[in-house]
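These values consider heavy atoms only, across backbone and side chains, with no hydrogens, waters or symmetry-generated copies. Each chain gets a letter, A, B and so on, in the order the sequences are listed, and its residues count up from 1.
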Number of protein chains: 2
Amino acid sequence: MPLRAVNLVRMAESVAPPEFDPRCPSSDMPVQIGGKWTGMVVRCLQSGPRRFTELREPLRGVTPKVLTETLRAMERDGLVTRTVHDENPPRVEYALTPLGRSLVPLIDAARAWSEEHLPDLLRARETYEP
Amino acid sequence: MPLRAVNLVRMAESVAPPEFDPRCPSSDMPVQIGGKWTGMVVRCLQSGPRRFTELREPLRGVTPKVLTETLRAMERDGLVTRTVHDENPPRVEYALTPLGRSLVPLIDAARAWSEEHLPDLLRARETYEP
DNA sequence: GAAACCGGTTACTTCAACGGAACCGGCGCC
DNA sequence: GGCGCCGGTTCCGTTGAAGTAACCGGTTTC
């Protein structure tokens, strides 16, 4: 799974603990980090490790398949760790690595851009005629 | 044409006046702005307006079709202006708008991230086993 | 014994981005 | 008159990210 876009608009409209609106105009945002959900996963893990189902909840609309793909790609790239706790019942926790954490300032910068300039972009898009 | 990813690695490896290496590992970069070529167009236009063919040159490998799509999308979103000069021969110039120029700091931040952290990501990817 | 939860997997489909190749009209040039 | 440049357009094909739906084994709970 190559890395692709994440929508930072949703993040711009959300507050911590993050909860993302699936109706947010994802494709309008020109700044993207990793796959569609990568940035949101980073923000979800910013406050500490989370389990698979704890990630599914705030990331409304993500299917388990896509979330698995996203997390595997992030693990492969050294952005998160996946820890299986040998308990009963077994528990799987995902946590940010320092490398994953290094993306946070970039995500914040992108969110700041969107808060300041995205309305201009959307207005331009509305009034555009070829 | 919805907005997608641009490879900032190429830009990280380039110097002004920008000239981009098509063999650069585009898909490894987790930070992307607009379409694949959007960020490179911004950087090409940073130093002033350019013509269609003047953009094709440094963006090695871009086909006229894709460059047209990219520029149309950027025009629609208010990132560039397209000016047809009524001369002989007619001249078409593309220039950054203030909105387009507002992306520059973000692009620089992404380039800085890639210079600092991309090797770590690639190393993690190499040594990863599922 | 049945139901639900956890952390996924599998098969299938859709759609946008991107690229290759060919072609175009209008103009200047030799 | 033919060639090439400029700024594209058109057609076609490939790729891969993302979504839908169904299913899964093991475990706890009722």
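- Side-chain atoms of B/Pro64 lie closest to D/dT9 of the nucleotides D/dT9, C/dG8, C/dT10.
- Rounded to an integer number of Å, the gap from CG of A/Leu59 to P of C/dG8 is 15 Å.
- Between the CD atom of A/Glu87 and the P atom of C/dC6 there is a distance of 14 Å, rounded to whole Å.
- Atom CZ of A/Arg56 is separated from atom P of C/dG8 by 11 Å (rounded to the nearest Å).
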I'd like a list of close polar pairs between nucleotides 1-6 of chain D and the protein, N/O only, cut-off under 3.5 Å.
{"residue": "D/dC6", "atom": "O3'", "partner": "B/Arg51", "partner atom": "NH2", "Å": "3.3"}

Decide side-chain contact (heavy atoms from CB on, under 4.5 Å) for B/Leu71 and B/Phe52; before the verdict, give the C-alpha distance in whole Å, the side-chain angles of both, and the deciding distance to 0.1 Å. CA-CA 9 Å; B/Leu71 290 169; B/Phe52 188 83; 4.0 Å; yes

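- Under the salt bridge (Lys or Arg N to Asp or Glu O under 4.0 Å) criterion, B/Arg123 pairs with B/Asp120, sequence neighbours left out.
- Residue-level contact check: A/Arg82 touches the backbone only, with heavy atoms under 4.0 Å from sugar-phosphate atoms and none from bases.
- For C/dA11, neither phosphate oxygen OP1 nor OP2 lies less than 4.0 angstrom from any side-chain nitrogen or oxygen of A/Lys65.
- For the pair A/Lys36 NZ and D/dG16 C1', the interatomic distance rounds to 15 Å; values are reported in whole Å.
- Atom CD of A/Glu54 is separated from atom C1' of C/dC6 by 12 Å (rounded to the nearest Å).
- In this structure, the side chains of B/Glu93 and B/His85 come closer than 4.5 Å at one or more pairs of heavy atoms.
- Counting only heavy atoms from C-beta outward, the side chains of A/Leu55 and A/Val62 never approach each other to under 4.5 Å.
- Whole-Å rounding puts the A/Asp86 CG to D/dT27 P distance at 11 Å.
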Dump the intermediate steps for side-chain contact (heavy atoms from CB on, under 4.5 Å) on A/Trp37 and A/Met74, then the final yes or no. CA-CA 10 Å; A/Trp37 303 94; A/Met74 294 178 72; over 6 Å; no

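- What separates CG of B/Leu71 from P of C/dA17 is a distance of 15 Å, to the nearest Å.
- Applying the salt bridge (Lys or Arg N to Asp or Glu O under 4.0 Å) rule to A/Glu87 yields the partners A/Arg91; only residues at least two apart in sequence or on another chain are considered.
- Residues forming a salt bridge (Lys or Arg N to Asp or Glu O under 4.0 Å) with A/Glu75 (at least two apart in sequence, or on another chain): none.
- Nucleotide D/dG7 holds its P atom 12 Å from the CZ atom of B/Arg72, rounded to whole Å.
- Of the candidate nucleotides C/dG19, D/dG19, C/dT9, D/dG19 has the atom nearest to the side chain of A/Thr63.
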For nucleotides 28-30 of chain D, tabulate all protein N/O to nucleotide N/O atom pairs closer than 3.5 Å, reporting atom names and distance.
none

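- Residue pairs meeting the side-chain hydrogen bond (donor to acceptor under 3.5 Å, both in side chains) criterion with at least one member in residues 97-110 of chain B, sequence neighbours excluded, are A/Trp113-B/Ser102.
- A donor-acceptor contact under 3.5 angstrom links the side chains of A/Tyr94 and A/Arg82, judged on distance only.
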